[in-house]
Amino acid sequence: MKKYLKMTPEGMKDFLFAECSAMDDVCGRIEKVFTERGFKKVITPGIEFYDVFSLPCSGISQEDMFKLCDNKGRLMVVRPDSTLPIARMVSTRLQNNVMPVRLYYKQAVYRNNPTLTGRRNEMMQMGVELLGVQGVRADLEIITTAVRALKSVAGDFRIELGHAEVFDALSDELEINNSYKEKIRLSIEGKNYSALNNLLDKLEPCKAVSAIRSLPSLFGGEEVFSKAYEICQGTKAVQALDYLHKIYTSLLALGLGDKLIIDLGLVQRNDYYTGIVFTGYISGIGDAVLSGGRYDELLSEFDFPMGAAGFAIDTDAVTLKTLSDANVSYSDNPDVLVFAGDGCELEGIALVEKLNKEGKKAQFSVLETLEQTKSFAEKRGIAEVIVCSR
């Protein structure tokens, strides 16, 4: 037998029966939110040229991508992200489109994660991109769409808000290279206080170093702003704090106070995001299931500069959480199994169609005998067997 004939590659998973029904349900609810907010669906290729993802601002390392070559020897990758291909598409296919444009997607992304980390290499994602516009209105539209999407699939959730420019403004005041800046960013993102302190202790003490040291602990509600203004006073980070405070106050007015948390340690991929950043969490899932923000500089890489913001939802994680809820059932069993005697097969199929139209979940038995049909129904827990005969 071939060694890998009956195995799936690391980080991949088969979805069966109830899992597929749950995923359809989860994705359907999210899609309803997107379409009601005016977003239009797009699909990008599963395989793209490596150049699309090799941009310095992509935030995706070469080692994280699954790579292959086409028949001309050109380097290709299996799609590791959806935003970059959509930026490519907008800069080419939608150049003459009236802006702003609202797009959404539902497609898998692939990341080559290290073995034994427990992370999936294939993830189904749904997300939106709002392109061709900047400002408070656009940011509120993206964030409230994210809130509505999470609310459609979970009762208990929270949104953490930050601003990429807080860390960028502070780190720009330090005499460090991009590599050192990235090490600091990763330490803040992981709330690794020990690593962060080790990195900052090697720098000349100054207001920016002190402020960066405090970023991971600036987490909470309204009180975060007073602390942040105090430690960032006199730096360019204050302007970002003002904008974040304005967005936060607007969202409070919508009654979202119990769902919002300010996190100035939210600094993921700051070479990609340029403004508001946010993540979404659902009770019972440790990792974020939603992430997004503003990325106004990305389209410039495709020679089509414009404001842009969006987010993505890990629908696989939401699906598996939904299946674990005791009050949710995705049984694929019919209510009725219809058995047709010899010569009555077409009548039996017609009866199944009639019952389904009446709202009763019916299925035609393809087994040869009534005894086999009853045995199958008993094993599957199907309550009723109807016999169609002459």
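Predicted model only: the values in this text are computed from it and were never measured. Count residues from 1 along the sequence.
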Could you go step by step and tell me if Tyr104 and Phe34 meet the ring-ring contact (aromatic ring centres under 6.0 Å, His included) rule? CA-CA 7 Å; Tyr104 84 89; Phe34 291 171; 5.7 Å; yes
Yes or no on salt bridge (charged side-chain N to carboxylate O under 4.0 Å, His left out) for Lys246 and Asp242, after CA distance, side-chain angles and deciding distance? CA-CA 6 Å; Lys246 185 175 184 178; Asp242 287 340; over 6 Å; no
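Annotation: cation-pi geometry not satisfied between Lys151 and Phe157 (NZ/CZ under 6.0 angstrom from ring centroid, within 45° of ring axis). Remark: Lys13 is positioned above the aromatic ring of Phe15, its terminal NZ or CZ atom under 6.0 angstrom from the ring centre and at most 45 degrees off the axis.
Scanning all heavy atoms of the two residues, the minimum distance from Gly234 to Val238 falls at N-CG2, 4.4 Å. Scanning both residues, Thr44 and Glu48, for their nearest heavy atoms gives CB-OE2, 4.1 Å.
Side chain of Gln239 to main chain of Lys236: no donor-acceptor pair is present (N/O by atom type, distance under 3.5 Å, no hydrogens or angles). The closest donor-acceptor contact from the side chain of Glu345 to the backbone of Gly343 lies under 3.5 Å.
Listed by first and then second residue, the salt bridge (Lys or Arg N to Asp or Glu O under 4.0 Å) pairs that reach into residues 52-66 come to none, sequence neighbours excluded. Counting only residues at least two apart or in different chains, salt bridge (Lys or Arg N to Asp or Glu O under 4.0 Å) contacts with residues 364-380 comprise Asp332-Arg380.
The residues Glu141 and Arg137 are annotated as not salt-bridged, no charged nitrogen and carboxylate oxygen being separated by less than 4.0 angstrom. Ionic pairing of Glu223 and Lys227 is not present here: no N-O contact between side-chain nitrogen and carboxylate oxygen is shorter than 4.0 angstrom.
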Just list the side-chain donor-acceptor pairs under 3.5 Å for residues 169-177, sequence neighbours left out, or say none.
from	atom 1	to	atom 2	distance (Å)
Ser171	OG	Phe167	O	2.9
Ser171	OG	Asp168	O	3.1
Asn177	OD1	Ser179	N	3.2
Asn177	OD1	Tyr180	N	2.7

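Test Met65, Arg88, Gln62 against Phe53 for side-chain contact (heavy atoms from CB on, under 4.5 Å) and you get one pass: Met65.
Using cut-offs of 30° and 60° on the angle between ring planes, the pair His163 and Tyr243 is perpendicular.
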